[in-house]
Participant: 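Structure below; questions to follow.
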2 protein chains.
Amino acid sequence: MSGNNIRRSMPLFSIGIVMQLTELSARQIRYYEEHQLITPMRTEGNRRLFSLNDIDRLLEVKDLLEQGINLAGIKKIFSVKEEVEVETETIKQAEKIRRDLTDVELRKLLRAELLQGGKNRTSLRQGDMSRFFH
Amino acid sequence: MSGNNIRRSMPLFSIGIVMQLTELSARQIRYYEEHQLITPMRTEGNRRLFSLNDIDRLLEVKDLLEQGINLAGIKKIFSVKEEVEVETETIKQAEKIRRDLTDVELRKLLRAELLQGGKNRTSLRQGDMSRFFH
DNA sequence: AATTAATGTGAGAAAACATAACATTTAATT
DNA sequence: AATTAAATGTTATGTTTTCTCACATTAATT
């Protein structure tokens, strides 16, 4: 999942290409950056380099603007979205930790059982075999 | 399938980006173009614009060169590959045509059967109903 | 030693992009 | 109606990137 994200945030496209892909003017794109709706990378020579994520954002900005929402509103919408994403990500990770922990518990139990096998002969393998040797 | 191909042949990347992605020098890239291993598009202002396919090709060129194959060899390899691709495409299409034709045959048969229902009363529906009205 | 294939390097011109300032348009507010 | 603010257009000027072309270098082959 993360590999794809890296790819989508890779700075690849010049402003000329982005203009074509989004049908926005350079002025518009720069203006939206000025208002922090996107934050494209820069080359050593200070040229903007846009990622696929940037392009997605620009298309969304365009769409929302056409719906009559102003830049302030769009910015807020983005920040809310961002929050939601962070939260779901946190939940996901918590879920993963929970799973991992229960796995650890499970292994602990199994390990205890195996170690106890010396004294109390009721280990799994013996239990299985006992069907044939009684 | 074709939509993806269009995307992969879309002229998007400047030579600077391609240099970074392929770790080839501009000289090398232009030289390979000169020898028709790639044919990037041009902007109105005569700048090269590379597609994902171009980049793939360049990486393959690089790889084959490192294996000691010269440009002539690489060119031949590409043309052979191209031929193979064309052939498999042709086979695929022939296969599709065959399928479509047999479908047509099938429908023809069904249609003939339905039309004949007026004279010889053994149509499917009547056949079904006859179980209850005998 | 000479030739060839692949790549490096430098010059000069053109294209693309940068910022900045001022102009225009449109919609909202007074 | 006049004013203001938001969004975009336009123009000017400087810098970066890319273009082609020519010549140089390197390594392998004859």
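In what follows, chains are A, B, ... by sequence order, proteins preceding strands, each numbered from 1.
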Participant: side-chain contact (heavy atoms from CB on, under 4.5 Å) for A:Gln36 and A:Lys75? Distances and angles first, verdict last.
Facilitator: CA-CA 8 Å; A:Gln36 305 171 36; A:Lys75 197 171 171 183; 4.0 Å; yes

Participant: When all nucleic acid strands are considered with a 4.0 Å heavy-atom cut-off, which category describes A:Arg48: base, sugar-phosphate, or nothing?
Facilitator: sugar-phosphate

Participant: Test: salt bridge (Lys or Arg N to Asp or Glu O under 4.0 Å). Region: residues 83-98 of chain A. Which pairs qualify, not counting sequence neighbours?
Facilitator: A:Glu95-A:Arg98, A:Lys96-A:Asp100

Participant: Given atom CG of A:Leu49 and atom C1' of D:dT16, what is their separation to the nearest angstrom?
Facilitator: 12 Å

Participant: Would B:Leu59 and B:Leu24 count as a side-chain contact (heavy atoms from CB on, under 4.5 Å) here? Give the steps.
Facilitator: CA-CA 9 Å; B:Leu59 289 172; B:Leu24 293 168; over 6 Å; no

Participant: In this structure, how many angstroms lie between the P atom of C:dA6 and the CD atom of B:Glu33, rounded?
Facilitator: 16 Å

Participant: Round to the nearest Å and state the distance from B:Ile29 atom CD1 to C:dT7 atom C1'.
Facilitator: 13 Å

Participant: How many Å lie between CD1 on B:Ile15 and C1' on C:dC17, as a whole number?
Facilitator: 17 Å

Participant: How long is the line joining CZ of A:Arg30 and P of C:dA16, in whole Å?
Facilitator: 13 Å

Participant: Report, one pair per line, the protein and nucleotides 6-9 of chain D atoms (nitrogen or oxygen only) whose separation is under 3.5 Å.
Facilitator:
from	atom 1	to	atom 2	distance (Å)
D:dA7	OP1	A:Leu71	N	2.8
D:dT8	OP1	A:Gln28	NE2	3.1
D:dT8	OP1	A:Tyr32	OH	3.0
D:dT8	OP2	A:Tyr32	OH	2.8
D:dT8	O4	A:Arg27	NH2	2.9
D:dG9	OP2	A:Ser25	OG	2.6
D:dG9	N7	A:Arg27	NE	3.2
D:dG9	O6	A:Arg27	NE	3.2
D:dG9	O6	A:Arg27	NH2	3.0

Participant: Tell me whether B:Lys62 contacts the main-chain N or O of B:Thr22 through its side chain, where contact means a donor paired with an acceptor under 3.5 Å.
Facilitator: yes

Participant: Could you state the atom-to-atom distance from CE of B:Met19 to C1' of D:dT16 in whole Å?
Facilitator: 14 Å

Participant: Rounded off to whole Å, could you give me the CD-to-P distance for the B:Glu34 and D:dC19 pair?
Facilitator: 13 Å

Participant: Mind checking who shares a hydrophobic cluster with A:Leu101, ILVMFWY linked at side-chain heavy-atom distances under 4.5 Å?
Facilitator: A:Ile97

Participant: Could you list all N or O pairs between the protein and nucleotides 26-30 of chain D that sit under 3.5 Å apart?
Facilitator:
none

Participant: Only pairs at least two apart or in different chains count here, so list each salt bridge (Lys or Arg N to Asp or Glu O under 4.0 Å) that has a residue in residues 26-54 of chain B.
Facilitator: B:Glu33-B:Arg42, B:Glu33-B:Arg48

Participant: Report all interatomic pairs (protein N or O, nucleotide N or O of nucleotides 12-15 of chain C) with separations under 3.5 Å.
Facilitator:
from	atom 1	to	atom 2	distance (Å)
C:dA14	N3	B:Arg47	NH2	3.3
C:dA15	O4'	B:Arg47	NH2	3.3
C:dA15	N3	B:Arg47	NH2	3.1

Participant: For the pair made of CD1 in B:Ile74 and P in C:dA5, what is the distance, rounded to whole Å?
Facilitator: 14 Å

Participant: Taking only side-chain N and O atoms of B:Ser14, does any of them lie within less than 4.0 angstrom of OP1 or OP2 on D:dT17?
Facilitator: no

